[in-house]
Peer 1: 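Before we start, here is the structure in question, set down as structure tokens.
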Amino acid sequence: MTAPPNARSANGGAATPSQPSSRRDKRRWSLPAAPGPTLRQRIERREREIGLRCSDVSCGLGPSDEDPVPVVDVSSLRQISIRPLKDHGEGDRVCEHTFHPSCLVSAERVAGWGQEDKKDDRDEEVEVSCPVCRAVGSISREDWEEGACALA
Ligand SMILES: [Zn+2]
Ligand SMILES: [Zn+2]
């Protein structure tokens, strides 16, 4: 018995040249250089300057992308600042931030402030915390009610 010679061994064998990985992408992906405020930030700052938007980061009364024209005449809306608590009475505001009453009430509700369960008529101050800088102070019950009504 003679085994047949393996004829397949002489087949050249160089069908797949080993290619160095020369296809590596040399182009570096880099962030676009964007120093300074973005366009949106500039717009919002401008809107604050002219009184359309209050200090609340989620001010619902300023113009939005979907609704560039404000529904209400926000320039006529009053903005309130947070007063110091009676015990710490220095100055007439705890910080430089001002808010539309409804924006402040909305923000305080989210943060768990406002004491709306407290049905004490003598309590003419509503304790709040600035949604921007967390300074604690109070606003008048009237201001709170005004904001709450605007949200309803
Ligand atoms: Zn606002
Ligand atoms: Zn503040």
Side-chain angles (χ1 to χ4, degrees), residues 13-152:
T16 56
S18 66
Q19 222 173 8
S21 63
S22 61
R23 293 187 60 205
R24 189 188 297 168
D25 196 351
K26 291 279 170 50
R27 287 172 300 173
R28 283 285 191 84
W29 185 86
S30 60
L31 284 168
T38 64
L39 175 62
R40 169 136 298 279
Q41 286 170 327
R42 288 202 301 271
I43 290 174
E44 292 187 355
R45 184 191 300 164
R46 172 75 182 138
E47 288 170 352
R48 286 195 179 93
E49 285 172 358
I50 61 178
L52 288 183
R53 191 181 291 266
C54 69
S55 298
D56 184 15
V57 291
S58 58
C59 176
L61 294 179
S64 67
D65 293 336
E66 299 79 23
D67 184 21
V69 179
V71 179
V72 292
D73 183 12
V74 289
S75 61
S76 68
L77 286 182
R78 192 167 55 100
Q79 293 194 25
I80 59 176
S81 56
I82 300 173
R83 299 198 299 239
L85 296 172
K86 285 167 185 166
D87 299 341
H88 315 80
E90 286 181 30
D92 58 354
R93 49 166 60 188
V94 296
C95 62
E96 74 271 24
H97 302 116
T98 58
F99 304 93
H100 299 119
S102 61
C103 292
L104 184 59
V105 169
S106 176
E108 299 305 325
R109 281 174 172 171
V110 169
W113 289 81
Q115 305 173 345
E116 289 188 277
D117 295 335
K118 204 171 178 179
K119 296 298 181 188
D120 188 349
D121 288 337
R122 295 169 303 171
D123 187 14
E124 296 179 348
E125 301 282 302
V126 179
E127 192 172 326
V128 297
S129 172
C130 175
V132 179
C133 68
R134 306 296 172 201
V136 175
S138 66
I139 61 173
S140 72
R141 174 68 61 182
E142 287 178 6
D143 285 340
W144 180 274
E145 295 295 342
E146 180 182 330
C149 286
L151 289 173

Peer 1: For a 4.5 angstrom cut-off between non-hydrogen side-chain atoms, does Glu125 reach Leu85?
Peer 2: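 Answer no - side chains too far apart.
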Peer 1: Provide the closest heavy-atom pair for Pro101 versus Glu146 in the form atom of the first, atom of the second, distance.
Peer 2: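 It is CG-OE2, 3.6 Å.
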Peer 1: Crowded around Glu142 CD? As in, over 12 foreign heavy atoms under 6.0 Å?
Peer 2: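 Counting other residues, nucleotides and ligands, CD of Glu142 stays at 12 neighbours or fewer.
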Peer 1: Please determine whether side chain to side chain contact (heavy atoms under 4.5 Å, CB included) holds for the pair Val126 and Glu108, giving the CA-CA distance in whole Å, both sets of side-chain angles, and the decisive distance to 0.1 Å.
Peer 2: CA-CA 10 Å; Val126 179; Glu108 299 305 325; over 6 Å; no
Peer 1: Could you tell me whether the side chain of His97 reaches within less than 4.5 Å of the side chain of Ile82, counting heavy atoms only?
Peer 2: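 Counting from C-beta outward, Ile82 and His97 never come under 4.5 Å.
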Peer 1: Any idea which heavy atoms bring Ser138 and Pro84 closest together, and the distance?
Peer 2: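 Nearest pair, atom of Ser138 first, then Pro84: OG-O, 4.0 Å.
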Peer 1: Could you measure the distance from the NE2 atom of His100 to the OG atom of Ser106? Nearest 0.5 Å is fine.
Peer 2: 13.0 Å
Peer 1: Got a donor-acceptor contact below 3.5 angstrom from the Ser81 side chain to the Thr98 backbone?
Peer 2: no
Peer 1: Is there side-chain contact between Trp144 and Val128, with heavy atoms separated by less than 4.5 Å?
Peer 2: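 Yes - at least one pair of side-chain heavy atoms lies under 4.5 Å apart.
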Peer 1: Could you go step by step and tell me if Arg83 and Ser140 meet the side chain to side chain contact (heavy atoms under 4.5 Å, CB included) rule?
Peer 2: CA-CA 9 Å; Arg83 299 198 299 239; Ser140 72; 3.8 Å; yes
Peer 1: Does any part of the side chain of Phe99, heavy atoms only, come nearer than 4.5 Å to the side chain of Cys59, both counted from C-beta?
Peer 2: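 They are not in side-chain contact.
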Peer 1: Show the nearest heavy-atom pair for residues Ala135 and Val94, with the distance to one decimal.
Peer 2: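 Distance-wise, the nearest heavy atoms are CB-CG2, 3.8 Å.
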Peer 1: Could you state the interatomic distance from SG (Cys103) to CZ (Arg53), rounded to the nearest 0.5 Å?
Peer 2: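 Interatomic distance, Cys103 SG to Arg53 CZ, rounded to 0.5 Å: 9.0 Å.
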Peer 1: Has Glu44 got a side-chain atom pairing as donor or acceptor with Gln41's backbone, closer than 3.5 angstrom?
Peer 2: no
